[in-house]
Amino acid sequence: MKGLRKIGLTLLIFVLMLTTAACSSETDVKPAAGSGEKYTFKLAHITPTDHMWHKAAEKFKEELDKRSDGRMQLEIYPASQLGTEADMVQQISSGSVDFGFITAAYLSSRAPAFTAWFSPYAFKDLEAANAARDTEVAKKILGTLDGQGIKGLDYLFAGNRVMLFKDKEVKKPEDLKGLAFRVTPSPPLQDFYKSMGASPESLPLPEVYAAIQTGVIDGMDMDLDASITNKYHEVAKYGAVTNHMVWPAVALMNKDKYAKMSEDDKKIIDESIKAAAEYAVKTRSAQEEEFKKTLSDAGMKIYEIDQELFEPYIKQFDEKYGPTDPLIQEFIDTFRK
């Protein structure tokens, strides 16, 4: 009997050893996505850290951390630290960067349907533009990026476009005739200003302050947020709050990385970027009057130009760009009602 008990005890110890080894082996296996997988993401954008898009990136980081119980961490590279927008998109496509907030103006050169967002006076305010994020046509425009190794997640807004002038108070579109005007190098924006007789100049943003100060340019297309952060009130006397175009960034992600994630983790990504987009537009909308006062107190004359004066140029834009792409036409038809 003693011999049998000894044999049984030996077998029990052997079984326990095998079980322990198996458990130890399991802990070395990488957890499945959605059930504990950890991520350290990289996000790049072009704006300084006091701009709304950077604050939206910080909100995205906070939401990822909270919704994933700390499994998803985000490193943010602001102010073009990783290069131009073209560089960033290439890095996202290749997978060396996971996320980017890229202007729709740049993306319109890669996927023409993004031109739709620059339809003049398509929205009465930021809230209306924000509501357009969830429309079918807006989602279809995001989908035009699918063949480039990148996934369009959502849109983020940083204020409507306004016009700043060095020393001329422009009161109607025709007053722009002959003015050298800094405009983001995007065909729809440049064409809008050309139609009014201005001469668009595509200066890099870091050169704009000195260019208007020295008279190389007479004015610029800008938003109130950037007008303050870049201190353009020091070199431009007049600010026409035309709100003639919205200015979206597009939240992008590496397509393959997104596709390989679990449905639960995709949901965390989607909900986190949505929360960041909502935060950005609500915060920015609430700052409109504050920004006008800040610029006015700094010595810039702030005024408005009646939208009706721009109607011929709105029509000209729609007639030129609508027929170039079915999604642009659908966008115009949807929001010109």
Side-chain angles (χ1 to χ4, degrees), residues 23-83 85 87-104 107 130-131 133-134 138-139 141-143 145-146 148-158 248-284:
C23 291
S24 175
S25 171
E26 287 175 1
T27 60
D28 292 335
V29 175
K30 188 177 181 180
S35 60
E37 186 167 356
K38 294 182 179 180
Y39 303 87
T40 299
F41 296 123
K42 293 180 180 180
L43 181 150
H45 65 78
I46 62 171
T47 62
T49 55
D50 51 359
H51 191 273
M52 180 50 64
W53 287 344
H54 181 73
K55 294 174 184 177
E58 291 180 323
K59 178 67 172 175
F60 181 45
K61 175 179 180 177
E62 174 189 321
E63 292 290 329
L64 286 175
D65 180 59
K66 179 175 65 176
R67 294 170 187 268
S68 69
D69 291 326
R71 291 188 299 108
M72 295 183 182
Q73 297 299 307
L74 183 68
E75 298 173 356
I76 303 172
Y77 297 85
S80 300
Q81 288 181 19
L82 300 186
E85 289 194 297
D87 296 329
M88 294 177 203
V89 171
Q90 179 59 38
Q91 290 159 4
I92 295 166
S93 180
S94 69
S96 60
V97 172
D98 306 292
F99 296 98
F101 290 172
I102 306 297
T103 64
L107 289 176
N130 186 53
R133 287 171 42 228
D134 291 326
K139 293 174 183 177
I141 291 172
L142 288 178
L145 293 168
D146 286 351
Q148 302 186 35
I150 47 182
K151 178 175 177 58
L153 295 171
D154 210 331
Y155 302 90
L156 303 99
F157 296 95
V250 183
L252 306 179
M253 185 178 181
N254 176 270
K255 185 181 176 183
D256 288 342
K257 182 163 287 190
Y258 183 88
K260 291 174 183 177
M261 298 176 81
S262 71
E263 292 304 313
D264 286 343
D265 282 355
K266 287 178 183 176
K267 185 177 179 181
I268 290 173
I269 297 293
D270 295 343
E271 291 182 348
S272 295
I273 198 63
K274 181 177 180 179
E278 293 290 341
Y279 162 80
V281 78
K282 288 177 181 176
T283 304
R284 181 60 186 81

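FYI, side chains are in, hydrogens and waters are out, and symmetry mates aren't considered; it's all heavy atoms of this structure. If you read the sequence from its start, that first residue is 1, and numbering goes on from there.
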Checklist entry - Do you know the tightest heavy-atom contact between Ala56 and Ala280? => result CB-CB, 4.0 Å
Checklist entry - Residues in side chain to side chain contact (heavy atoms under 4.5 Å, CB included) with Ala57, at least two apart? => result Leu43, His45, Ile76, Phe101
Checklist outcome for this item: Taken in chain and number order and not counting sequence neighbours, the residues that satisfy salt bridge (charged side-chain N to carboxylate O under 4.0 Å, His left out) with Lys257 are Asp98
Checklist outcome for this item: When every non-hydrogen atom of Ala44 is compared with those of Leu82, the smallest separation belongs to CB-CD1, 3.8 Å
Checklist entry - Are side-chain heavy atoms of Ser80 and Met88 found at a separation under 4.5 Å? => result yes
Checklist entry - Which residues satisfy the side chain to side chain donor-acceptor pair (under 3.5 Å) test with Glu271, sequence neighbours excluded? => result Arg67
Checklist entry - With sequence neighbours left out, what residues match Tyr258 under ring-ring contact (aromatic ring centres under 6.0 Å, His included)? => result none
Next on the checklist: Do Ile268 and Met72 make a side-chain contact, defined as non-hydrogen atoms from C-beta onward lying under 4.5 Å apart?
Outcome noted: yes
Next on the checklist: Under 4.0 Å between a side-chain nitrogen and a carboxylate oxygen: does that hold for Arg133 and Asp154?
Outcome noted: yes
Next on the checklist: Taking side chain to side chain contact (heavy atoms under 4.5 Å, CB included) as the definition, give me every residue that meets it alongside Asp65, ordered by chain and number, with sequence neighbours left out.
Outcome noted: Gln73
Item to check | Partners meeting side chain to side chain donor-acceptor pair (under 3.5 Å) with Ser68 (sequence neighbours left out) | outcome: none
Next on the checklist: Under the rule for salt bridge (charged side-chain N to carboxylate O under 4.0 Å, His left out), what residues qualify as partners of Lys266, not counting sequence neighbours?
Outcome noted: Glu263
Item to check | Lys55 NZ to Thr47 OG1 distance, which is reported to the nearest 0.5 Å | outcome: 10.0 Å
Next on the checklist: I'd like to check Ile141 versus Val250 (side-chain heavy atoms, cut-off strictly below 4.5 Å). Are they in contact?
Outcome noted: no
Checklist entry - Less than 4.5 Å apart, any side-chain heavy atom of Lys282 and any of Asn130? => result no
Item to check | Heavy-atom check, side chain of Asp265 versus side chain of Arg71, under 4.5 Å | outcome: yes
Item to check | Leu153 CG to Asp270 CG distance, which is reported to the nearest 0.5 Å | outcome: 6.5 Å
Item to check | Ile269 vs Leu64 side-chain heavy atoms within contact, under 4.5 Å | outcome: yes
Item to check | Set of side chain to side chain contact (heavy atoms under 4.5 Å, CB included) partners for Asp256, sequence neighbours left out | outcome: Asn254
Checklist entry - Taking only residues at least two apart or on different chains, which pairs with a member in residues 58-83 satisfy ring pair (Phe, Tyr, Trp, His ring centres under 6.0 Å)? => result Phe60-Phe99
Checklist outcome for this item: Here the gap from Leu145 atom CG to Ile150 atom CD1, rounded to the nearest 0.5 Å, amounts to 4.5 Å
Checklist entry - Who passes salt bridge (charged side-chain N to carboxylate O under 4.0 Å, His left out) against Lys59, sequence neighbours left out? => result Glu62, Glu63
Checklist entry - To the nearest 0.5 Å, how far apart are CG in Asp87 and CD in Gln81? => result 13.5 Å
Next on the checklist: If the condition is side chain to side chain contact (heavy atoms under 4.5 Å, CB included), which residues does Asp50 pass it with, not counting sequence neighbours?
Outcome noted: Pro48, Thr229
Checklist entry - What pairs with Gln91 under side chain to side chain donor-acceptor pair (under 3.5 Å), at least two apart in sequence or on another chain? => result none
